[in-house]
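Following: one structure in structure tokens, then a few remarks.
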Amino acid sequence: MLVYHYDRITKEYKITTQANVDPKIPNRYLLPACASFTPIPETKEGYAIVYNETSKTWEYIEDYRGKTIWQDYQTSKKIMKIGSLPFGWSLTQPEAPIYISKKEKSRQISFQTNQILYKGVVIHINKVARKFIATTKFLQHLCMIEPIMKETETKQLAHYNPKAEVSPTTGSYTLQDDWFQEYAFSRKEVSYIKDKIYSFWQAYKAEKYRCLRAIELAKNKQEIDNVTFNQNCIN
């Protein structure tokens with residue numbers, strides 16, 4: 001004779017064992033607490049087998065344990081008990097309001113592009129350094145890479161370098177040629193360095209602006225997700 005054991009609190013089926021014979025009454029089997037002689041039904045995916053002590057039968061109860069459920073796009077919790085889903089909760093994460101999706105995507109683009117900017121600047125700086133047999137660190141300082149990396153406002157860039165020049169009309173930032181020439185660079189070499197570094201920076205800024213503008217104009221989540229930074233524009 002088989003005995004089907006269940007949990008004392010949840011009544012969920014646990015294990016099947018062989019029943020012990022009653023030593024006082026032959027052909028009679030002992031039934032332990034929290035157990036039944038009634039066979040359990042076949043297992044069913046997504047359901048737990050639970051014993052109903054009132055009807056003395058086994059029942060299927062929904063089982064979502066271990067799964068994450070959502071009340072809204074940012075409120076979630078993990079199911080720990082058997083039973084149906086709480087009212088107002090779903091197994092599917094609701095889509096965030098579009099303004100939230102735009103804000104998150106803009107943050108992702110900014111983070112990704114900063115990584116691309118750093119990598120690209122290093123590559124371009126190294127190329128210039130090899131061409132002019134100068135150290136990378138020297139050229140990073142020379143070309144004002146640190147404030148560029150921080151995307152500092154142009155009007156604040158003069159603070160980093162006394163030889164910097166800010167246009168009073170446009171606010172654009174330039175480095176005076178004589179500051180380069182103090183380090184024995186010719187005017188042609190100065191022009192080459194400035195063109196290489198700043199053309200890269202301008203291409204990066206333009207592509208980043210395009211991405212952020214596309215996010216701003218997106219009408220749905222799919223259009224937001226499709227916005228990607230085109231690295232080919234700065235190679």
> What's the spacing between Phe229 CZ and Glu207 CD if we round to 0.5 Å?
Replying inline: 5.0 Å
Non-hydrogen side-chain atoms of [X] and [Y] separated by less than 4.5 Å:
X     : Y     : answer
Asp72 : Gln74 : yes
Thr68 : Lys77 : no
Leu2  : Gln18 : yes

> What pairs with Glu59 under side chain to side chain donor-acceptor pair (under 3.5 Å), at least two apart in sequence or on another chain?
Replying inline: Asn52
>> Determine whether a donor-acceptor pair (N or O, by modelled atom type, separation under 3.5 Å) exists between the side chain of Ser110 and the backbone of Ser106.
In response: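 Yes; at least one donor-acceptor contact below 3.5 Å.
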> Which residue pairs satisfy the ring pair (Phe, Tyr, Trp, His ring centres under 6.0 Å) criterion with at least one member in residues 23-54, sequence neighbours excluded?
Replying inline: Tyr6-Tyr51, Tyr51-Trp58
>> If you apply the rule salt bridge (Lys or Arg N to Asp or Glu O under 4.0 Å), what do you find for Lys11 with Glu53, and how did you get there?
In response: CA-CA 8 Å; Lys11 314 305 179 187; Glu53 292 182 329; 3.5 Å; yes
> Charged N to carboxylate O under 4.0 angstrom, Glu223 versus Lys105?
Replying inline: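 Salt bridge flag = no for Lys105 with Glu223.
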> Is Asp22 paired with Lys24 through a side-chain N to carboxylate O contact shorter than 4.0 Å?
Replying inline: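 No salt bridge links Lys24 with Asp22.
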> For Arg210, does the CZ atom sit with more than 12 other heavy atoms under 6.0 Å from it, leaving out its own atoms?
Replying inline: yes
> Any side-chain donor-acceptor pair under 3.5 Å between Thr16 and His5?
Replying inline: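 There is no such pair (donor and acceptor under 3.5 Å, judged by atom type) between the side chains of Thr16 and His5.
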